[in-house]
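Each remark here refers to the structure printed beneath this line.
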Amino acid sequence: MTTTSNRNISTSTVRSSFLPFLAGIAFGIASSILYTRVICSRNQKSSSSSSSLWLQPPSTLPRFAQEILSNHHHTNTEKISNDDSNGESTNASSPNTALSSENWTEVRLREWEDLNWRDANGWQGRDLCHNPQGLGVRILHYYYKASSKEMVGVVWFGPHAESHRGLCHGGAMTSLMDDFCGHLAFLHSTSGQPWSGATVQVNVSLKKPVKVGSILRIIGRIDKHEGRKIYVHATLDDGGGDNNGGSSIDGEEQNKDPLVYATLEGLSIDGVKMSQHEDPVSKRTWEVEVCEHSGRLQRRDSGWKLL
Ligand SMILES: CCCCCCCCCC(=O)SCCNC(=O)CCNC(=O)[C@H](O)C(C)(C)COP(=O)(O)OP(=O)(O)OC[C@H]1O[C@@H](n2cnc3c(N)ncnc32)[C@H](O)[C@@H]1OP(=O)(O)O
């Protein structure tokens, strides 16, 4: 009798202490599953939104960029004017006036676009500013006008250009300026060849922080060509107007002064041969042609004709 009673007591004691223990474990497992699901779905949401927002330039470009793209579609023949006067400052028109003129040519280098050709011809990496897969600062288009020695570009500041939270590194803006100064000098070089020269001074004044994801305009010109020294001035701005591509309430386009993010005073030395390669690629020249796809005038390197 006593033994049975002891057994009953011990069974009920075990039950009463074990059941809450089991319930605790079940609760713990359920909570951790719930927690994991919530966190995962949050992470999925944030990664999908960041990939759609940041991994490519926006599909709709701001109005200034659309204007740049649509304003150079004329197919007038433009002489490559490497024989432009090498003297004092040009009377280049103001950037906004210049955009409405007719002889802008898109600048294209094969190594920016054809990555297999690039890899097969001595390049060892990817261009800092012209990598079609780049997520830092990426120049989407350059247009050059030989008669006024001007160039304009559409630039995307991608997620890998970040420094302060949501803002771009000053080095990204300065890299862009270096690129602009160098390529504008190459376009104007007396050699008539891409990569003929070197940037030796890039004096950049950073005036406003650039947000990650911005599309901005770089516009500038050669101020002076003295001997082998080519002086370049450029401005990084938002292109003015309504930068969101929309219009005001009454349907009129807004014309605001461009917001300036940075300015450049640069110096390139004409004719310097930085790379030691001696091959058909190093002997390329600039050619002005009508693009077979768009029918638009473009200034591209003769390397497009090489294998
Ligand atoms: C984002 C990056 C992508 C870039 C893409 C676009 C490419 C743009 C081109 C580049 O960025 S090239 C890469 C960065 N630049 C360099 O690495 C250049 C480093 N510097 C050098 O290697 C030598 O300075 C250089 C080979 C350029 C010197 O060339 P030279 O030996 O032919 O020049 P020289 O020393 O004879 O000087 C010629 C004139 O330039 C002047 N000069 C040279 N370097 C200067 C300097 N740093 N500052 C001011 N003036 C300079 C020099 O005083 C002289 O003036 P004068 O004719 O009045 O006597």
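In listed order, ligands and their atoms are each counted from 1.
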Measure centre to centre between the rings of His188 and Tyr144, then say whether the value is under 6.0 Å.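 When the ring centroids of His188 and Tyr144 are compared, they turn out to be at least 6.0 Å apart.
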Any non-hydrogen side-chain atom of Arg118 less than 4.5 Å from a side-chain atom of Asp127?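 Heavy-atom side-chain distance check passes, below 4.5 Å.
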Give a yes/no verdict on a cation-pi contact between Arg108 and Trp304, requiring under 6.0 Å between NZ or CZ and the six-membered ring centre and an angle within 45° of the axis.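 Satisfied, under 6.0 Å and within 45°.
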Cation-pi check, Lys224 onto Tyr231 ring (under 6.0 Å, within 45° of axis):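 Positive - Lys224 is close enough to the ring of Tyr231 and near enough to its axis.
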Arg300 and salt bridge (Lys or Arg N to Asp or Glu O under 4.0 Å): which partner among Glu106, Glu287, Glu111, Glu289?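 Of Glu106, Glu287, Glu111, Glu289, salt bridge (Lys or Arg N to Asp or Glu O under 4.0 Å) with Arg300 is met by Glu289 alone.
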Considering only heavy atoms, which protein residues lie less than 4.0 Å from any atom of ligand 1?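 For ligand 1, the residues that come within the 4.0 Å heavy-atom cutoff are Leu128, Cys129, Ser175, Asp178, Asp179, Gly182, His183, Phe186, Trp195, Ala198, Thr199, Val200, Gln201, Arg228, Lys229, Leu267, Ile269, Val272, Met274.
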Ring pair (Phe, Tyr, Trp, His ring centres under 6.0 Å): pairs with one or both residues in residues 190-223, sequence neighbours excluded: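 Ring pair (Phe, Tyr, Trp, His ring centres under 6.0 Å) check on residues 190-223 returns His183-Trp195, Phe186-Trp195.
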